[in-house]
Amino acid sequence: MATWLFKEEPETYSFADLQRDGTTLWSGVANALAQKHLRAVKKGDRVFFYATGKVKAVIGVMLVTADPVPDPADESGKCVAVTVKPVRALAVPVTLAAIKADKAFAQWELVKQARLSVMPVPDALWAKVEKMGNG
DNA sequence: GCCAACGTTGGC
DNA sequence: GCCAACGTTGGC
């Protein structure tokens with residue numbers, strides 16, 4: 001099982017929206033590197049929901065419920081999308097500021113490459129964020 | 001195929 | 001609201 005982080009602007013689609021919907025197709029990822037990561041996602045993988053914009057924090061955990069499929073919104077047919085469902089909201093949001101303040105995260109794409117919207121999460125960092133999110 | 005110009009994203 | 005970083009586009 002691999003672990004990932006997906007970014008979304010909560011005014012576009014929030015974690016609460018996902019909890020309400022029960023499941024959603026994570027589509028509309030256009031960036032080439034983000035697509036490369038997305039194609040490597042597998043059913044059963046876990047994903048952090050990171051809210052951009054005003055929130056700027058990891059706020060929830062999701063589960064991938066199906067392997068990547070062609071993104072129905074993409075006319076080129078090259079992009080993929082994955083289906084996710086919510087697992088739980090973190091007790092405490094893990095803010096970008098808190099992540100940046102800890103040098104263990106210094107090499108992570110979340111810190112180094114602000115515009116990347118899909119990225120892997122190394123095991124050690126996943127455990128650390130989960131611990132920080134438990135409050 | 002290169003690169004300048006332009007557009008977009010996301011943090012501040 | 002601004003701007004840095006980065007991606008994309010289009011002219012050559």
Side-chain angles (χ1 to χ4, degrees):
Chain A
M1 183 198 78
T3 50
W4 309 91
L5 180 144
F6 293 175
K7 290 185 182 176
E8 181 58 272
E9 166 58 61
E11 289 180 16
T12 303
Y13 193 80
S14 69
F15 194 71
D17 290 333
L18 177 60
Q19 289 176 316
R20 182 201 60 212
D21 292 347
T23 183
T24 197
L25 184 66
W26 204 276
S27 61
V29 175
N31 175 273
L33 182 56
Q35 269 292 318
K36 183 186 170 191
H37 291 320
L38 202 59
R39 276 193 290 273
V41 173
K42 295 293 180 192
K43 181 180 179 180
D45 287 355
R46 298 235 161 193
V47 184
F48 282 138
F49 185 110
Y50 176 89
T52 59
K54 292 177 185 172
V55 182
K56 290 189 287 290
V58 178
I59 59 171
V61 179
M62 306 184 284
L63 178 68
V64 178
T65 60
D67 287 347
V69 296
D71 186 339
D74 170 49
E75 293 177 3
S76 76
K78 292 178 181 174
C79 292
V80 297
V82 300
T83 305
V84 294
K85 72 175 185 181
V87 175
R88 64 190 170 86
L90 295 181
V92 182
V94 179
T95 65
L96 181 62
I99 288 168
K100 284 190 166 179
D102 189 327
K103 64 184 177 184
F105 295 107
Q107 297 304 310
W108 194 16
E109 287 93 330
L110 186 70
V111 173
K112 294 188 74 178
Q113 201 171 337
R115 293 177 59 184
L116 185 63
S117 61
V118 176
M119 70 192 73
V121 184
D123 291 346
L125 299 188
W126 179 275
K128 205 168 169 62
V129 171
E130 273 205 318
K131 189 175 180 183
M132 291 163 78
N134 284 336

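Chain identifiers are assigned alphabetically (A, B, ...) following the order of the sequence lines, protein sequences preceding nucleic acid strands; residue numbering begins at 1 within each chain. Computed from a predicted model, the values in this text were never measured in an experiment.
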Under the ring-ring contact (aromatic ring centres under 6.0 Å, His included) test, which residues partner A:Phe49, sequence neighbours left out? A:Phe15, A:Trp26

Kindly give the atom pairs (protein nitrogen or oxygen, nucleotide nitrogen or oxygen) under 3.5 Å for nucleotides 8-12 of chain B.
| unit_1 | atom_1 | unit_2 | atom_2 | d |
| --- | --- | --- | --- | --- |
| B:dT8 | O2 | A:Arg115 | NH1 | 3.3 |
| B:dT8 | O2 | A:Arg115 | NH2 | 2.9 |
| B:dG11 | OP1 | A:Tyr50 | OH | 3.1 |
| B:dC12 | OP1 | A:Lys100 | NZ | 2.8 |

Non-neighbouring partners of A:Asp67 that pass side-chain hydrogen bond (donor to acceptor under 3.5 Å, both in side chains), sequence neighbours left out: none

Among all residues two or more places apart in sequence or in another chain, which pass the ring-ring contact (aromatic ring centres under 6.0 Å, His included) test with A:Trp4? none

Not counting sequence neighbours, which residues clear side-chain contact (heavy atoms from CB on, under 4.5 Å) with A:Ala98? List them please. A:Thr95, A:Met132

Interatomic distance, A:Leu33 CG vs C:dC6 C1' [rounded to whole Å]: 12 Å

Under the rule for side-chain contact (heavy atoms from CB on, under 4.5 Å), what residues qualify as partners of A:Ala114, not counting sequence neighbours? none

